[in-house]
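Below: one structure, written as structure tokens.
A note on names: the letters A, B, ... follow the listed sequences, proteins ahead of strands, and every chain is numbered from 1.
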Amino acid sequence: MNAVMRLLEDLAYRGLIYQSTDQEKLDERLEREPIVLYCGFDPTADSLHIGHLLPILMLRRFQQYGHQPIALVGGGTGLIGDPSGKATERTLNTKEVVEGFSNKIRTQLSRFLDFEKAENPALLANNHDWLGELDLISFLRDVGKHFSLNYMLAKESVNSRLEKGISFTEFSYMILQSYDYLELHRRYGCELQVGGSDQWGNITAGTELIRKSDNKSDDLFGLTIPLVTKSDGTKFGKTEGGAVWLDADKTSPYVFYQFWLNTDDADVIKYLKYFTFLSKDQIEDLAQTLETAPEERKAQRTLAEEMTRLVHGEAALSRAQNITAALFQGKVSSLTASEISEGFQDVPSSTIEGIELPLVDVLIQVGAAKSKREAREFMQNGAVTVNDERVTDTSILVNTLKAIDDKFLVIRRGKKKYFLAALS
RNA sequence: GGAGGGAUACCAAAGUGGCCAACUGGGGCGGACUGUAAAUCCGCUGUCUUCGACUUCGUAGGUUCGAAUCCUACUCCCUCCA
């Protein structure tokens, strides 16, 4: 039986605590009564990506333990730009763009939290609501007065940029984030802010501000989450196509599933702890299996399954699994046309006009090759497969190939890159 | 301000009149092996109408039958001296 762990104990087991304000006090506070906590997400793109996942899940973990999470969309701070973790000044997005991003992100966030829960429903807020109508004089008098320049300059996010340069705009960011914390504290009694490891400076600036402006003693907390790393030293969260987004239109559930499935042995247990809600016992079991039967890749399968279900839902998961099964077990040609158009929605595809085309041209059209030269090279290397049949003849025409239901060519290049060509 | 050195394909780095589409290493991509792994081995890595042709070696001109290689100007970078 899995013993019920205290929240902080659970987080510690999962390695999810990087830095924290007085942990003993926080533990006491969490055990005493539900806490209101928040985490902010700035709209810097039209979707969140898996780098945002840990903070989101952190809110969810707290909610599971009976606490009340607030997901804050940075509709205001997103107009300013956080210098934390950034080497250079960023260009500003227009208000319209940021507003568009905010809406998308708000929708995404809402999928991960329970807003209906009776006791401790999650809340969604947008700091544009208060930052947008802040007037300059009151801001400088009421908020700015509590920040000393020395304190601000000493912050890593600012200090590291003094050489390269930082605008007043980004310099002021920490004050705005601090003000968010203050505002949420006043409105909802928020006492804890969580964030990525680069947010420590901004978080402590916030607790500082609340203490000073509201004369609070010491009951304000901050918690940061470690940066996710990969054992091979490459950056976590990137695939060939770039970032792994949470938006199904930007990163298909199939690609998302594959991303997790391809996790290295050395990282998979760590990720199970970080990203899933599996119990300690379940994770230890998987660790055991990884030792004894690594080829089963049960840990990776479980991880991919849990994550895809969590982010995209049960239906998308089974679709991703179906595609995976067909693609990696060489059963593509046994699929029917309707199964293919259903299953290959997530695969780059293209419609072929005229069946007299050389296959070489088709490879370029679907994106399997950059040039004809490269296309021929792939074929000569035996890298190209059409409907499971290896094709090495570089002069072959499309109409001599057997299409599935006279309609589809499933083209594979290399071991796992698939492309779909539909004959018109 | 003065003196010298350099700019070559994704990166690093050879090449100093024809044998250069350009040595080599890294990276990347393919293949074999395998667990859709790691390690290893093999192949490819300018483009095309592929036994051939065309466009590339900072930019623009010039010399020559022929230039990445020589000359001129320009741009940028580095080092040393002031």
Side-chain angles (χ1 to χ4, degrees), chain A residues 229-242 244 251-272 285-308 317-335 343-344 346-348 354 356-398 410-420:
Chain A
T229 57
K230 280 170 64 175
S231 59
D232 64 7
T234 57
K235 203 164 183 244
F236 170 80
K238 295 279 181 214
T239 61
E240 234 189 312
V244 178
T251 298
S252 71
Y254 164 70
V255 171
F256 187 83
Y257 180 83
Q258 284 286 325
F259 169 80
W260 296 103
L261 189 62
N262 282 308
T263 302
D264 202 283
D265 287 6
D267 295 317
V268 67
I269 299 302
K270 180 168 79 178
Y271 293 175
L272 282 167
D285 276 356
L286 290 168
Q288 187 65 35
T289 312
L290 182 69
E291 282 290 318
T292 54
E295 71 283 356
E296 277 183 33
R297 300 198 307 147
K298 196 171 171 195
Q300 280 91 339
R301 275 175 218 289
T302 309
L303 177 64
E305 205 176 298
E306 290 291 320
M307 297 320 294
T308 309
L317 168 63
S318 56
R319 225 179 68 194
Q321 286 173 322
N322 285 342
I323 300 172
T324 296
L327 262 40
F328 289 93
Q329 283 156 39
K331 290 180 189 154
V332 167
S333 49
S334 68
L335 295 173
F344 280 71
D346 297 337
V347 160
E356 297 275 322
L357 272 179
L359 182 59
V360 167
D361 291 321
V362 176
L363 290 179
I364 295 169
Q365 204 176 321
V366 298
K370 287 201 292 283
S371 68
K372 296 191 180 188
R373 211 221 83 255
E374 194 180 66
R376 290 195 198 92
E377 180 191 316
F378 285 140
M379 295 180 74
Q380 280 156 10
N381 283 342
V384 175
T385 272
V386 177
N387 297 338
D388 293 335
E389 298 279 333
R390 181 162 291 180
V391 182
T392 50
D393 177 5
T394 56
S395 63
I396 200 162
L397 299 178
V398 166
V410 175
I411 298 167
R412 190 184 68 171
R413 190 202 97 204
K415 278 181 186 164
K416 35 184 162 171
K417 288 191 195 64
Y418 282 87
F419 307 88
L420 181 68

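For the P atom pair drawn from C44(B) and G58(B), the interatomic distance equals 27 Å after rounding to whole Å. For G25(B) and G43(B), the P atoms lie 11 Å apart once the distance is rounded to whole Å. Across the P atoms, U69(B) and U16(B) are found 12 Å apart, a figure rounded to whole Å. Between G4(B) and G18(B), the two P atoms lie 28 Å apart (nearest whole Å). Nucleotides G6(B) and G15(B) have their C1' atoms positioned 15 Å apart, rounded to a whole Å. Nucleotides A39(B) and C33(B), compared at atom C1', are 11 Å apart to the nearest Å. Comparing the same atom, C1', in G30(B) and in U56(B) gives a spacing of 25 Å after rounding to whole Å. G61(B) and A22(B) have their C1' atoms separated by 24 Å, with the value rounded to a whole Å.
Under the Watson-Crick or G-U wobble criterion, with both distances below 3.5 Å, G52(B) is paired with C48(B). In this structure U40(B) sits in a base pair with A32(B), meeting the Watson-Crick or G-U test at under 3.5 Å. In this structure, C80(B) forms a base pair with G2(B), meeting either the Watson-Crick or the G-U wobble geometry with both donor-acceptor distances under 3.5 Å. Base pairing analysis places U75(B) opposite A7(B); the two distances defining the Watson-Crick or G-U wobble pair are each below 3.5 Å. Searching all strands for a Watson-Crick or G-U wobble partner of A67(B) with both distances below 3.5 Å returns nothing.
With hydrogens and angles disregarded, no donor-acceptor distance shorter than 3.5 Å links the side chain of Arg412(A) to the backbone of Leu327(A).
If you take NZ of Lys372(A) and P of C54(B), they are 19 Å apart, rounded to a whole angstrom. Separating the CZ atom of Arg373(A) from the C1' atom of U56(B) is a distance of 15 Å, rounded to the nearest angstrom. Atom CD of Glu374(A) is separated from atom C1' of G28(B) by 10 Å (rounded to the nearest Å).
Residues Glu389(A) and Val386(A) are not in side-chain contact: their nearest non-hydrogen atoms beyond the backbone lie 4.5 Å or more apart. In this structure, Arg413(A) and Leu363(A) have side chains that are not in contact, with every pair of non-hydrogen atoms separated by 4.5 Å or more.
For the side-chain contact (heavy atoms from CB on, under 4.5 Å) with Phe259(A), the qualifying choice from Thr308(A), Val244(A), Leu303(A) is Val244(A), the only one to do so.
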Reading nucleotides 30-38 of chain B 5' to 3', which nucleotides get B (base under 4.0 Å from a protein heavy atom), which S (sugar-phosphate only), which -? SSSBBBBS-
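In terms of phosphate contacts, Ser371(A) brings no side-chain nitrogen or oxygen within less than 4.0 Å of OP1 or OP2 of G46(B).
A donor-acceptor contact under 3.5 angstrom links the side chains of Asp265(A) and Gln300(A), judged on distance only.
Atom NZ in Lys417(A) sits 8.0 Å away from atom CZ in Phe378(A) (nearest 0.5 Å). Here the OG1-CD distance, from Thr251(A) to Gln258(A), works out to 13.0 Å after rounding to the nearest 0.5 Å.
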